[in-house]
Amino acid sequence: MTAPIEPTPADAPRLNFVEERVQSDQAAGRHGGRVHTRFPPEPNGYLHIGHAKAICVNFGLAQRFGGRCNLRFDDTNPTTESVEYVESIQKDVRWLGFDWEDRLYFASGFFESIYGFAEELVRKGLAYVCDLDGEAMRAHRGTLTAAGTPSPWRERSVEENLDLLRRMRAGEFPEGARTLRAKIDMASPNMNLRDPVLYRILHADHHRTGAAWRIYPTYDYAHPLCDALEHITHSICTLEFENHRPLYDWVRDNCSTPSKPEQIEFARLNITYTVLSKRKLLRLVNEKHVAGWDDPRLPTLSGLRRRGYTPSAIRTFCERIGVAKFGSTIDVVQLENALRDDLNKTAPRAMAVLRPLRVVIENYPEGAGEELDAVNNPEDPTAGTRKVPFSRELYIERDDFRADAPKDYFRLAPGKEVRLRYAYFVTAKSFRTDPATGEVVEVLCTYDPATRGGNAPDGRKVKGTIHWVSAEHSIAAPVRLYDHLFGTEFPEEVPEGQDFLVNLNPKSLEVLEGARLEPSLAKLAPGSTVQFERHGYFCADAVDSRPGAPVFNRAVSLRDSWAKVEKKQQNKKAAAK
RNA sequence: UACCCCGUGGUGUAACGGUAACACAAGUGGUUUUGGUCCAUUCGUUCCUGGUUCGAAUCCAGGCGGGGUAACCA
């Protein structure tokens, strides 16, 4: 198996509670000292960042303790599942950097064994065929505070149960007509133990077993059996299954399984400004609030990948957030920072003007031009340099010029001198505005030829360095800026009777059509990521880019401390009024 | 108003009875040809009340608070 997670240094163990548990099991020689986990998604949707946590936990455990981790599809409900999901899930797990080698399993692959255990339970008098329909069963189950009442079919004979179960399997009864139930305790304070359903009749074809089965096992019944059949030692799942553990143990202990796995629960991931429930993600996709499962605003792995997230950033994030039993919500900036940390070290830099403003260097000879050396990545000396064309007419960022500059504004303003990165010092002499709107449309500057490359021989300093592109040499490309999909920190918190969709951020996508980029960007491979200096990290969209005509997605912006300063100034101004 | 789980800075995670650590956020300074990076620095009487102990975030009891659970979903 590949080993993308750094091994924990011996001097700093810092094991989470699951790792501690596994470590002590191993030390005590339980499960023969083996560690075997599994990642068991149901193929009914695309994987998201919450699954990434589970994947890192399960595969990470195996790596750390010299064990194995399986990929298993929990495909016990044919009505919601499909091969599309089976394929996307495998692709995403691999992309994240994990390898299940030859251990790919399907719950459906165990259907025959699982059925065999059902007959065993019937023979032991521990399961019975029940003729109650859904509504009646609910009524018999009781409530959270009141005990349930036994089904009238609870005391059928073993022979009758066996006969009925076999006929259920044979498809003799209509869907929903009967179920196989465990005979446990209708008065249990744990609802899961009030004779839970083991098998239901479903006249539905399965994406792998076709029409072979007319009955399908439930999760609670199939899961412990699959775990045991795969010789899983530690079955890690999320907190909402805590109350299911007694049932997990019941199934495991009452069936003659080849091994005895144990279930351990941890808190599922929540992140601010997004939703991580399959049901809600499905709605966003189906109701077209986003462009598909790989919409870059989605927390799906395919969305994050398209957005420009790297597998290593996601793994780092999962490492940092830890594993515990407290139902917490992680600030989305934690995710963004993991990406910044990764890309800062690896992403080549380039200059891109997102909202162009024309600049003319009045004392630069007309028709002249030259190429200047630019550093590809200041964090990585081996990345080398590249040539960037310079000429008399340039574009700079609209934000980098102010006719009326506030205090602490280091960029270009009338009479102020700044450095054009890797080029020259320039001083703004005048500017022209659109008579209709008053908007600045052109800035006229002079440059100091002695400052070529960006340093003044006389030692004079400038406060600001801004990026630029040559007007004639630059290329155009659409640039998509993404913001949080939801406008509120906790989108699921919604006023009575309202839907989480009310919290959708109407400005989560902004497409810039007029951006001008340095020419080297034309040949950037789709899917690769660069830093647009002073802006952020941008990925050439893997779907919409064409050879020589990239389309860019902003993965994440750079930290922007000027924005903070400016905001503070504005707040001060507002307070003064 | 049943059962289960959880409660440490703004957000997360550690400390395994011996004077609360790490990451992120926020603030302040420094460096800087990215207002990026980097460096330094500030920010918690561990939900409450009792108890055990020389000593409690850690153990016990009782509160309080949060979450989960009543699909023939997973």
Side-chain angles (χ1 to χ4, degrees), chain A residues 12-16 20 40-42 44 74-77 79-81 130 132-134 137-138 141-148 175-181 188-194 196-202 215-216 218-220 222-223 237-246 265 267 272 278-279 319-331 333-338 340-341 344-345 349 351 374-375 378-379 408-411 418-423 425 453-455 461-467 531-536 557-566:
Chain A
R14 288 181 73 97
L15 299 182
N16 64 52
E20 281 189 356
E42 183 190 14
N44 67 346
D74 216 332
D75 54 350
T76 56
N77 185 4
T79 59
T80 58
E81 300 157 3
C130 178
L132 258 24
D133 63 19
M137 199 181 294
R138 204 171 315 121
R141 188 157 33 231
T143 68
L144 292 175
T145 53
E175 198 162 299
R178 295 183 220 262
T179 57
L180 181 74
R181 292 229 256 167
S188 172
N190 183 340
M191 301 296 287
N192 296 116
L193 263 22
R194 320 249 264 225
V197 171
L198 270 24
Y199 266 104
R200 72 278 208 189
I201 299 171
L202 245 34
I215 57 174
Y216 292 92
T218 56
Y219 165 87
D220 281 317
H223 205 87
C237 64
T238 46
L239 245 31
E240 65 268 31
F241 293 105
E242 243 169 350
N243 292 334
H244 294 238
R245 189 172 355 117
E265 312 86 8
T272 55
K278 266 191 197 169
R279 213 194 93 248
E319 250 332 83
R320 286 182 187 170
I321 59 176
V323 178
K325 296 192 78 164
F326 179 67
S328 59
T329 301
I330 309 291
D331 192 330
V333 305
Q334 198 86 231
L335 215 209
E336 296 169 348
N337 268 316
R340 290 190 183 105
D341 284 354
N344 177 49
K345 294 188 212 95
R349 318 280 132 129
M351 293 197 284
V375 173
E379 301 293 314
D408 292 334
Y409 185 80
F410 302 154
R411 285 113 96 146
V418 300
R419 170 167 40 233
L420 295 178
R421 182 150 227 228
Y422 300 126
F425 284 12
N455 282 306
K461 302 283 182 202
V462 289
K463 270 285 215 178
T465 299
I466 63 175
H467 62 277
Q531 183 194 98
F532 289 176
E533 294 211 47
R534 304 210 297 133
H535 280 300
S557 66
L558 253 28
R559 281 200 189 81
D560 186 355
S561 50
W562 162 244
K564 286 179 199 165
V565 172
E566 197 179 27

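Only this structure's heavy atoms are used, side chains among them; waters, hydrogens and symmetry mates stay out. Treat the numbers as computed from the prediction; the structure is a model and nothing was measured. Proteins get letters first, then strands, A, B, ... in listed order; numbering begins at 1 in each.
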Q) What stems involve RNA chain B, if each pair must be Watson-Crick or G-U and both of its distances must be under 3.5 Å, with 3 or more such pairs in a row? A) B:2-7 with B:64-69, B:10-13 with B:21-24, B:26-30 with B:38-42, B:47-51 with B:59-63
Report which part of the nucleic acid [X] touches: base, sugar-phosphate, or nothing (heavy-atom distance under 4.0 Å, all strands).
X        : result
A/Thr80  : nothing
A/Met351 : nothing
A/Ser561 : sugar-phosphate

Could you tell me the separation between the [atom1] atom of [X] and the [atom2] atom of [N], rounded to a whole number of Å?
X        : N     : atom1 : atom2 : value
A/Asn77  : B/C73 : CG    : C1'   : 6 Å
A/Trp562 : B/G35 : CH2   : P     : 11 Å
A/Arg349 : B/U34 : CZ    : P     : 11 Å
A/Glu265 : B/C6  : CD    : P     : 10 Å

Q) Reading nucleotides 63-71 of chain B from the 5' end, what letters show protein touch, with B for base, S for backbone sugar-phosphate only, - for no heavy atom under 4.0 Å? A) -----BBBS
Q. Base, backbone or nothing for each nucleotide of nucleotides 20-30 of chain B, written B, S, -, heavy atoms under 4.0 angstrom, 5' to 3'?
A. ---SSSS-S--
So, using side-chain contact (heavy atoms from CB on, under 4.5 Å) as the criterion, who are the partners of [X] when residues are at least two apart?
X        : result
A/Ser328 : A/Phe326, A/Ile330
A/Asn77  : A/Glu42, A/Thr79, A/Thr80, A/Glu81, A/Arg200, A/Leu202
A/Ala222 : A/Thr76, A/Ile114, A/Pro217

Q | A/His535-A/His467 aromatic ring centre distance below 6.0 Å | A | yes
